[in-house]
K.L.:
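Sharing a structure below in structure tokens format, with a few things to ask.
Quantities reported herein were computed from a predicted structural model and do not represent experimental measurements. To find a chain, count down the sequence lines: A is the first, B the second, and so on, and within it residues start at 1.
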Protein chains: 2
Amino acid sequence: MATLANQIENYIKEQLAASKAGSFDIKRSALAEIFMCAPSQINYVLETRFSTSQGYCVESKRGGGGYIRITRLLVNPNNDLHYLVEEAEGKHVSQQIGEGLIDRLVEEEFLTKREGMLLKGLLSHETLRPTLHIQLPQGYELLIDYDLLRGRLLKSMLVTLLREDFE
Amino acid sequence: MATLANQIENYIKEQLAASKAGSFDIKRSALAEIFMCAPSQINYVLETRFSTSQGYCVESKRGGGGYIRITRLLVNPNNDLHYLVEEAEGKHVSQQIGEGLIDRLVEEEFLTKREGMLLKGLLSHETLRPTLHIQLPQGYELLIDYDLLRGRLLKSMLVTLLREDFE
DNA sequence: AGTATAAAGGTCAAAGATGGTCAAAAGGTT
DNA sequence: AACCTTTTGACCATCTTTGACCTTTATACT
């Protein structure tokens, strides 16, 4: 799937990989011009693929001489996993965000690739989606909050990672 | 008989046979166009001929750049994971039974000890607890079926273990 | 210094592009 | 006729792309 968003994502990741400091500045308008798209497309890519939970920090400045700075964050086991647990508490997590977090933990070697695959399977809509159909009176609807459940599953995963006896 | 469904089934199996990784991506709309049929016909074929119990795993993504991915599962008559997948299908699994199954998979070395710990955390009542948002009229009560959810999670785990691309 | 203007970047909602679901219609079998 | 499988279509959910409008910042001009 070579969507525009994916191409831009790859481009940014390449630049990031090539940079010594794990950080990279660029003008939003320049990026938009390279890919011949609307500038707001860049924001879409940053929101969906470079969020904090996915391990990136995005800063920017407007006005003349404005720019976007993307920084790759490294997970610090002692502080960040705890922070992520807090974050996951009661959080709504979409499938996309959940997979992003898992990919990050795999990249940082907190999880093996196998573990990542197992966990991503568990977080999928296909797995979570319910089969039960309950008869309710007219006008009432049954809503299952998959995103909340996903948040709980992720939290459990993080908590296990933090266990002292986890090797 | 050469029903449309059979032709589509054959086509997919050919593509799968030709693929090195045992996996194959295609656009639902593209497939529907090749066979000049309603897109939902593709889903019918996937449901009736590429289910988990038939040895396949189907994933998909909607929206721009969407696709369907079909992955073959391992067929190894020496292990009984397939049997367990059948078992887990639509099954109610208590926390105790679920943990027992995971322990067994760890003992038989289908899962590492780490993986077992991660998965047991996910199956706990604590994790699965309230995930429903419901508006019910007075006098109606709803009991949440954790055991069914656990069955789904276990099934997903088993299917991942069987994926040909699982390393 | 104060203000106007230009040069960025940000937001949000609508439109476009896919795939999913479900039930009804159509075709075969028994 | 009754039942099962296949095919279709209307409607839904999710991801992407675009564009109109908004905010912030630097600089040039009073």
K.L.:
Once you round it to whole Å, what is the distance between P of C:dG20 and CG of B:L46?
P.N.:
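In whole Å, C:dG20 P and B:L46 CG are 8 Å from each other.
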
K.L.:
Show the atom names and distances, to 0.1 Å, of all donor-acceptor pairs under 3.5 Å that link a side chain in residues 3-10 of chain B to residues at least two apart or in another chain.
P.N.:
from	atom 1	to	atom 2	distance (Å)
B:T3	OG1	B:N6	N	3.1
B:T3	OG1	B:N6	ND2	3.2
B:N6	OD1	B:R49	NH2	2.7
B:N6	ND2	B:M1	O	2.7
B:E9	OE1	B:R49	NE	3.0
B:E9	OE2	B:K13	NZ	2.8

K.L.:
Rounded to whole angstroms, how far apart are CG on A:L31 and P on C:dG9?
P.N.:
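Result: 9 Å.
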
K.L.:
I'd like to compare against my own output: the B/S/- annotation of nucleotides 11-20 of chain D with a strict under-4.0 Å heavy-atom distance to protein.
P.N.:
--BBBBBBB-

K.L.:
Report the C-alpha distance between B:I26 and B:I12 in whole Å, list the side-chain angles of each, state the deciding distance to 0.1 Å, and finish with yes or no for side-chain contact (heavy atoms from CB on, under 4.5 Å).
P.N.:
CA-CA 9 Å; B:I26 196 173; B:I12 294 176; over 6 Å; no

K.L.:
Could you tell me whether a side-chain N or O of B:R69 sits under 3.5 Å from a main-chain N or O of B:E59, the two making a donor and an acceptor?
P.N.:
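It does not hold such a pair.
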
K.L.:
Kindly state each residue pair satisfying ring-ring contact (aromatic ring centres under 6.0 Å, His included) with at least one member in residues 6-34 of chain A, sequence neighbours excluded.
P.N.:
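Non-adjacent pairs meeting ring-ring contact (aromatic ring centres under 6.0 Å, His included): A:Y11-A:F35.
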
K.L.:
Once ring pair (Phe, Tyr, Trp, His ring centres under 6.0 Å) is applied, do any residues pair with B:Y67, and if so which ones, sequence neighbours excluded?
P.N.:
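So B:Y67 forms no ring pair (Phe, Tyr, Trp, His ring centres under 6.0 Å) with any residue.
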
K.L.:
Throw together a table of side-chain donor-acceptor distances under 3.5 angstrom for residues 95-109 of chain B, partners on residues two or more places apart or in other chains.
P.N.:
from	atom 1	to	atom 2	distance (Å)
B:Q95	OE1	B:H125	N	3.1
B:Q95	NE2	B:E99	OE2	3.3
B:D103	OD1	B:K120	NZ	2.7
B:R104	NE	B:E108	OE2	3.2
B:R104	NH2	B:D80	OD2	3.0

K.L.:
Give the rounded distance in Å between these two atoms: CG of A:N43 and P of D:dC21.
P.N.:
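A:N43 atom CG is separated from D:dC21 atom P by 18 Å.
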
K.L.:
How many whole angstroms separate atom CZ of B:R69 from atom P of C:dG20?
P.N.:
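After rounding, the gap between these two atoms is 13 Å.
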
K.L.:
Could you state the atom-to-atom distance from CD of A:E47 to P of C:dG9 in whole Å?
P.N.:
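Distance, rounded to whole Å: 15 Å.
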
K.L.:
Show your working on side-chain contact (heavy atoms from CB on, under 4.5 Å) between B:L119 and A:L122 and close with a plain yes or no.
P.N.:
CA-CA 10 Å; B:L119 293 167; A:L122 294 174; 3.6 Å; yes

K.L.:
Decide whether a cation-pi geometry holds between B:R72 and B:Y56; the criteria are a distance under 6.0 Å from NZ or CZ to the six-membered ring centre and an angle within 45° of the ring axis.
P.N.:
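Ring-cation test returns no.
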
K.L.:
When every nucleotide of nucleotides 24-30 of chain C is labelled 5' to 3' by its protein contacts under 4.0 Å (heavy atoms), B for base, S for sugar-phosphate only, - for none, what sequence of letters results?
P.N.:
-------

K.L.:
Whole-Å distance between D:dT24 P and A:Y67 OH?
P.N.:
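Result: 16 Å.
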
K.L.:
Between A:E115 and A:T112 (side chain of the first, backbone of the second, donor and acceptor by atom type, cut-off under 3.5 Å), is there such a pair?
P.N.:
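Such a contact is found between A:E115 side chain and A:T112 backbone.
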
K.L.:
Starting from the 5' end of DNA chain C, give me the residue, B:K27 or A:R28, whose nearest nucleotide shows up first.
P.N.:
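Per heavy-atom nearest nucleotide, the more 5' residue is A:R28.
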
K.L.:
Rounded to whole angstrom units, what separation is found between the CD1 atom of A:I68 and the C1' atom of C:dA7?
P.N.:
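Whole-Å distance recorded here is 14 Å.
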
